[in-house]
Number of protein chains: 2
Amino acid sequence: MEEQLEYKKRLFQKMIGFTSAVHQTSATLTKGVKSDEITPVQYSILEHIMLHQPVTISEISECQHMSMPNTSRELRKLSEKGLCEKVETSADRRKQYIRLSPEGKRVMDVSFQLVEERFLQLIQSMEARELEELAQAIDLLQAKVFR
Amino acid sequence: MEEQLEYKKRLFQKMIGFTSAVHQTSATLTKGVKSDEITPVQYSILEHIMLHQPVTISEISECQHMSMPNTSRELRKLSEKGLCEKVETSADRRKQYIRLSPEGKRVMDVSFQLVEERFLQLIQSMEARELEELAQAIDLLQAKVFR
DNA sequence: TAAAACAATTATCATTTGACAACTAAATAA
DNA sequence: TTATTTAGTTGTCAAATGATAATTGTTTTA
């Protein structure tokens with residue numbers, strides 16, 4: 001059992017280094033792709049909506065570790081820029097569901113397109129088997145640690 | 001070859017979702033652990049130094065995607081707080097190597113300790129074999145994509 | 001040796017971000 | 001029904017961050 005703990009601590013060290021590397025690589029892949037009309041925080045919100053829409057404001061607030069007032073403000077700015085919009089919902093009238101507007105979708109598609117090109121460069125020389133291993137590794141990590 | 005491209009594009013989608021999940025999880029694990037005397041950017045710099053020391057200011061600037069003037073300013077503030085220090089180096093006298101001070105090391109150890117506890121919680125119920133798979137998946141991803 | 005490039009610093013400014021208090025409206029619990 | 005909780009908004013303020021210009025000293029290159 002003691003050995004087990006030691007093993008887990010080494011795994012933790014590995015995990016720290018890994019998450020740091022993920023941050024760096026994704027920052028590199030994403031560098032400069034965001035439209036000039038939005039701030040970094042706003043980009044990150046749009047990305048979240050892109051991946052999880054439709055989503056409530058509370059959920060954005062919680063997932064982005066941002067207070068409700070600040071989340072609300074940034075969403076208002078994004079709405080004013082015509083990049084996202086509130087969806088009518090019948091259930092609980094306190095909850096506001098948010099989704100990208102067609103323009104917001106377009107803006108994010110352009111960004112993602114650029115990131116995709118860079119990513120494809122990164123994996124260009126990999127064979128089918130390597131790619132498959134990559135996909136499996138991601139699935140495993142996402143299932144067990146990064147949900 | 002066309003199929004290959006389609007496969008790669010699906011892998012890209014998977015990667016986007018994964019990196020977003022990594023960001024969220026690591027933000028959750030790290031939430032509130034940083035000492036009150038430093039800002040988020042400063043924490044991120046200290047973490048980088050912790051993982052890569054000794055490191056030059058240019059390297060920090062490049063890896064953290066921060067301009068040299070701003071990196072220099074934040075490092076000055078960290079030095080003033082006694083958390084990091086410049087290392088004398090004989091080679092190129094333009095380059096300044098940075099490392100954590102004993103106090104900086106202590107501060108980061110405290111933070112990492114908290115993160116470690118949360119991480120151990122997260123993996124508490126895993127068996128030896130699962131942990132091994134986890135470690136292998138990380139190694140694979142870090143070798144092929146997140147360097 | 002002179003010119004160019006590199007590593008880092010200082011100073012300044014505008015913008016972004018985070019925190020907080022006070023508030024409205026809707027849903028739920030007592 | 002009243003009280004409480006939940007979801008979201010508005011306004012304000014200070015601090016953190018990002019961008020840029022100008023400068024110093026050191027190393028390389030021509």
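We name chains A, B, ... by the order of the sequence lines, and we start the count at 1 in each one.
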Test A:V22 against every option in B:L141, B:V22, B:I138 by the side-chain contact (heavy atoms from CB on, under 4.5 Å) rule and name the one that passes.
-> B:V22
For A:K95 and B:R94, take the nucleotide of DNA chain D holding the closest heavy atom to each; which residue's nucleotide lies nearer the 5' end?
-> A:K95
With the side chain of A:M68 defined as its heavy atoms from C-beta on, choose the nearest nucleotide among C:dA27, D:dT9, C:dA5.
-> D:dT9
So which one's nearest nucleotide on DNA chain C is more toward 5', B:Y97 or A:E74?
-> B:Y97
Sugar-phosphate, base or nothing in reach of B:T56, heavy atoms under 4.0 Å = sugar-phosphate
Round to the nearest Å and state the distance from B:R73 atom CZ to D:dA21 atom P.
-> 16 Å
Ignoring backbone atoms, test whether A:S72 places a side-chain nitrogen or oxygen under 4.0 Å from the OP1 or OP2 oxygen of D:dT10.
-> no
Atom-pair distance (CG on B:N70; P on C:dT9), nearest Å = 12 Å
Figure out the CD1/C1' separation between B:I45 and D:dG18, and round it to whole Å.
-> 13 Å
Figure out the CD/P separation between B:Q96 and C:dT10, and round it to whole Å.
-> 11 Å
Could you tell me whether B:R106 and B:E103 have a side-chain N and a carboxylate O separated by less than 4.0 Å?
-> yes
side-chain N/O B:K77 vs C:dT10 OP1/OP2, d < 4.0 Å = no
Of all the choices, C:dT17, C:dT9, C:dA5, which nucleotide is nearest to the side chain of B:I57 once you look at every atom?
-> C:dT9
To the nearest 0.5 Å, tell me how far B:L46 CG sits from B:H48 NE2.
-> 11.5 Å
Round to a whole Å and report the spacing from CG of A:L75 to P of D:dT10.
-> 12 Å
So which one's nearest nucleotide on DNA chain D is more toward 5', A:P40 or A:D92?
-> A:D92
Could you tell me the separation between the CD atom of A:Q42 and the P atom of C:dT17, rounded to a whole number of Å?
-> 7 Å
Just compare D:dT17, D:dA19, C:dT17 and give me whichever is closest to any side-chain atom of A:T39.
-> C:dT17
Nucleotide of D:dA16, D:dT9, C:dA27 approaching A:R93 most closely (side-chain heavy atoms) = C:dA27
Rounded to the nearest Å, what distance is computed from the NE2 atom of residue A:H65 to the P atom of nucleotide C:dT17?
-> 16 Å
Determine yes or no for a side-chain-to-main-chain donor-acceptor pair under 3.5 angstrom, with B:T56 supplying the side chain and B:Q96 the backbone.
-> no
N/O donor-acceptor pair under 3.5 Å between A:Q42 side chain and A:L78 backbone = no
In whole Å, what is the span from the CD1 atom of B:I60 to the C1' atom of C:dT9?
-> 15 Å
